[in-house]
Amino acid sequence: MTKSLFPGFDGLMSLSRREGVDVRPTLLRVLTDLYVQTRVHSDDEQRQFIELATRLIDQVDDATRAAIKAKLAVYPQTPVPVLQKLGLVAAQEGRRVPLAREIPAPAPAPSPVRAPTEAEQRMAANMAMQPKDAAEIHDMFFRADASERALILHNLAQTPLKAAPRIPTVRAKRAIHILEMAAIANDVENFTLELGDSLILPSRVAAQIVDDAGGEALAVAARALDMPSPNFQRILLFFKPEIGNSVNEVYRLSRLYDRLDDRSALVMLAAWRGSTLAVTRAKYQSSLHDGERQRARAGASQTRPGVQPGSAPAVRTGTGGSSEH
């Protein structure tokens with residue numbers, strides 16, 4: 001199970017000890033999610049999960065350990081060594097330790113500031129920059145390679161161009177949850193729909209972001225939603241197997257994401273929105289121009305009368321007074 005999903009697992013572990021990006025909490029969460037999705041496991045799958053999970057449990061933060069503990073405590077097929085590692089089974093008796101009930105989180109206080117409506121956000125987005133500038137930034141980003149994209153995003157933080165407004169917190173949190181669930185299920189259609197809806201993007205641009213092979217566009221979209229780094233890493237591992245199976249790609253995008261400035265992401269979001277307006281204007285301007293040319297041609301093809309109304313045709317005469325034939 002684990003080897004097929006994470007062939008570079010040992011490489012990721014070794015890089016976690018050397019690099020500044022720690023993906024071990026993400027790996028443990030992903031391993032656990034994959035394990036609890038199935039009721040029955042082969043001996044080899046169980047052995048691999050025990051080996052990997054027990055190694056990671058001591059190397060992750062308390063919040064990750066608590067989240068894993070909550071999932072495995074209610075999963076009936078959790079291996080005993082993992083339960084013991086989490087303190088859910090007494091080492092001598094081999095019985096589960098009863099858990100206290102979860103303390104409900106207090107309801108969030110209502111925000112005194114009214115969140116902007118979708119229409120207001122669309123108006124603000126269209127006013128962010130000129131459509132021509134937006135289209136140029138959009139095209140330049142998607143044509144660039146990985147290093148050029150990193151430079152573009154770095155420079156956007158310093159540009160005077162107006163950024164798109166932030167996505168309201170409640171809407172962003174809902175989008176992050178839906179996107180992660182769609183990624184785990186590998187549901188490309190719903191992932192694309194939610195991304196476009198939450199970022200107020202047309203379906204064409206949302207699909208371009210999702211289909212982008214490099215992963216930088218997805219990183220920008222996630223940063224625009226203020227997605228936590230572990231959630232973004234899980235989406236990479238589940239939703240982008242061509243990236244998740246590469247140790248170097250996971251770390252490259254994780255470093256890019258952690259260094260990505262919020263303003264850079266919001267300026268790029270404004271460019272993505274504005275580029276659609278540029279395409280629409282070009283389309284209608286082309287249609288109007290074609291219509292004018294057709295009308296001009298039609299006017300030129302009309303024949304003018306050879307004789308003006310009220311005048312007689314001119315007759316040339318020879319010297320003898322007779323008409324010349």
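Numbers here are sequence positions counted from 1.
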Give, for atom CG of Leu195 and atom CG of Leu225, the distance between the pair rounded to the nearest 0.5 Å.
-> 7.0 Å
Can you tell me how far the CZ atom of Arg55 sits from the CZ atom of Arg24, to the nearest 0.5 Å?
-> 11.0 Å
CA sep, side-chain torsions, deciding dist, call: Met227, Ile235, side chain to side chain contact (heavy atoms under 4.5 Å, CB included) = CA-CA 11 Å; Met227 182 182 293; Ile235 287 175; 3.7 Å; yes
Check: Ile200 and Leu269 side chains under 4.5 Å, non-hydrogen atoms = no
Lys/Arg-Asp/Glu bridge criterion (N-O < 4.0 Å) met for Asp62, Arg65 | yes
Report yes if some heavy atom in the side chain of Leu52 is under 4.5 Å from a heavy atom in the side chain of Leu28; otherwise report no.
-> no
Is any side-chain heavy atom of Thr192 closer than 4.5 Å to a side-chain heavy atom of Ser203?
-> no
If you look at every heavy atom in Val250 and Ser254, which pair is closest and at what distance?
-> O-OG, 2.7 Å
Side chain to side chain contact (heavy atoms under 4.5 Å, CB included) between Val267 and Lys162: does it pass, once the steps are laid out?
-> CA-CA 7 Å; Val267 172; Lys162 184 179 177 182; over 6 Å; no
Quick one: are Gln233 and Ser229 in side-chain contact, heavy atoms under 4.5 Å?
-> yes
What's the shortest heavy-atom distance between Arg273 and Leu201, and which atoms?
-> CG-CD2, 3.7 Å
Answer yes or no: is there an ion pair linking Arg171 with Asp197, defined by an N-O contact shorter than 4.0 Å?
-> yes
Among the clusters formed by ILVMFWY side chains lying less than 4.5 Å apart, do Leu161 and Val220 turn up in the same one?
-> yes
Phe239 versus Val210, closest heavy-atom pair with distance | CE2-CG1, 3.7 Å
Will you find, in the side chains of Asp145 and Ser147, an N or O donor that is under 3.5 Å from an N or O acceptor?
-> yes
Does CD in Gln158 sit with more than 12 non-hydrogen atoms of other residues, nucleotides or ligands closer than 6.0 Å?
-> no
Would you be so kind as to tabulate the donor-acceptor pairs closer than 3.5 Å made by side chains of residues 176-186, with sequence neighbours excluded?
residue, atom, partner, partner atom, Å
Glu180, OE1, Asn231, ND2, 2.8
Glu180, OE2, Arg234, NE, 2.3
Glu180, OE2, Arg234, NH2, 3.1

When hydrophobic residues are tied together by side-chain contacts of less than 4.5 Å, even through go-betweens, does Leu151 share a cluster with Phe142?
-> no
In terms of hydrophobic clustering (I, L, V, M, F, W, Y; side-chain heavy atoms under 4.5 Å; direct or indirect links), are Leu83 and Tyr75 co-clustered?
-> yes
Would you sort out whether Thr159 and Arg263 count as a side chain to side chain contact (heavy atoms under 4.5 Å, CB included), showing the intermediate values?
-> CA-CA 10 Å; Thr159 182; Arg263 173 172 166 75; 4.1 Å; yes
Keeping the roles fixed (side chain from Thr54, backbone from Ile50), state whether a donor-acceptor pair exists under 3.5 Å.
-> yes
Look up atom CD in Glu216 and atom CD1 in Ile209, then write down how far apart they are to the nearest 0.5 Å.
-> 12.5 Å
Roughly how far apart are Arg149 CZ and Met268 CE, rounded to 0.5 Å?
-> 9.0 Å
Are Phe191 and Leu193 connected in the hydrophobic side-chain network, where two residues link if heavy atoms are under 4.5 Å apart?
-> no
To the nearest 0.5 Å, tell me how far Leu260 CG sits from Leu256 CG.
-> 6.0 Å
To the nearest 0.5 Å, how far apart are NZ in Lys240 and CG in Asp212?
-> 6.5 Å
Is the number of heavy atoms from other residues, nucleotides or ligands within 6.0 Å of CD (Glu189) greater than 12?
-> no
Can you list the steps and then say if Gln48 with Asp44 is a side-chain hydrogen bond (donor to acceptor under 3.5 Å, both in side chains)?
-> CA-CA 6 Å; Gln48 290 183 48; Asp44 187 53; 2.7 Å; yes
Indicate yes or no for a side-chain donor-acceptor contact from Ser264 to the backbone of Leu156 under 3.5 Å, with no hydrogens or angles considered.
-> no
Do Arg255 and Tyr251 have side-chain heavy atoms sitting under 4.5 Å apart?
-> yes
Begin with the C-alpha distance, continue with both residues' side-chain angles, and end with the deciding distance and a verdict on side chain to side chain contact (heavy atoms under 4.5 Å, CB included) for Ile68 and Arg29.
-> CA-CA 7 Å; Ile68 298 305; Arg29 287 176 182 263; 4.0 Å; yes
Taking all atoms of both residues into account, what is the closest heavy-atom pair of Ala271 and His138, and its distance?
-> O-CB, 4.4 Å
Can we say Arg166 and Asp226 salt-bridge, meaning some charged N sits less than 4.0 Å from an Asp/Glu carboxylate O?
-> no
Ring centers of His41, Tyr35 separated by less than 6.0 Å = yes
Angle class for the Phe141/Trp272 ring planes (parallel below 30°, perpendicular above 60°, tilted otherwise)?
-> perpendicular
Please report the shortest heavy-atom distance between Ala164 and Ala270, naming the atom on each side.
-> N-CB, 3.7 Å
If every non-hydrogen atom of Arg252 is compared with every non-hydrogen atom of Glu249, which pair is closest and at what distance?
-> NH2-OE1, 2.9 Å
Taking only residues two or more places apart in sequence or in another chain, which ones pass salt bridge (Lys or Arg N to Asp or Glu O under 4.0 Å) with Lys71?
-> Asp33
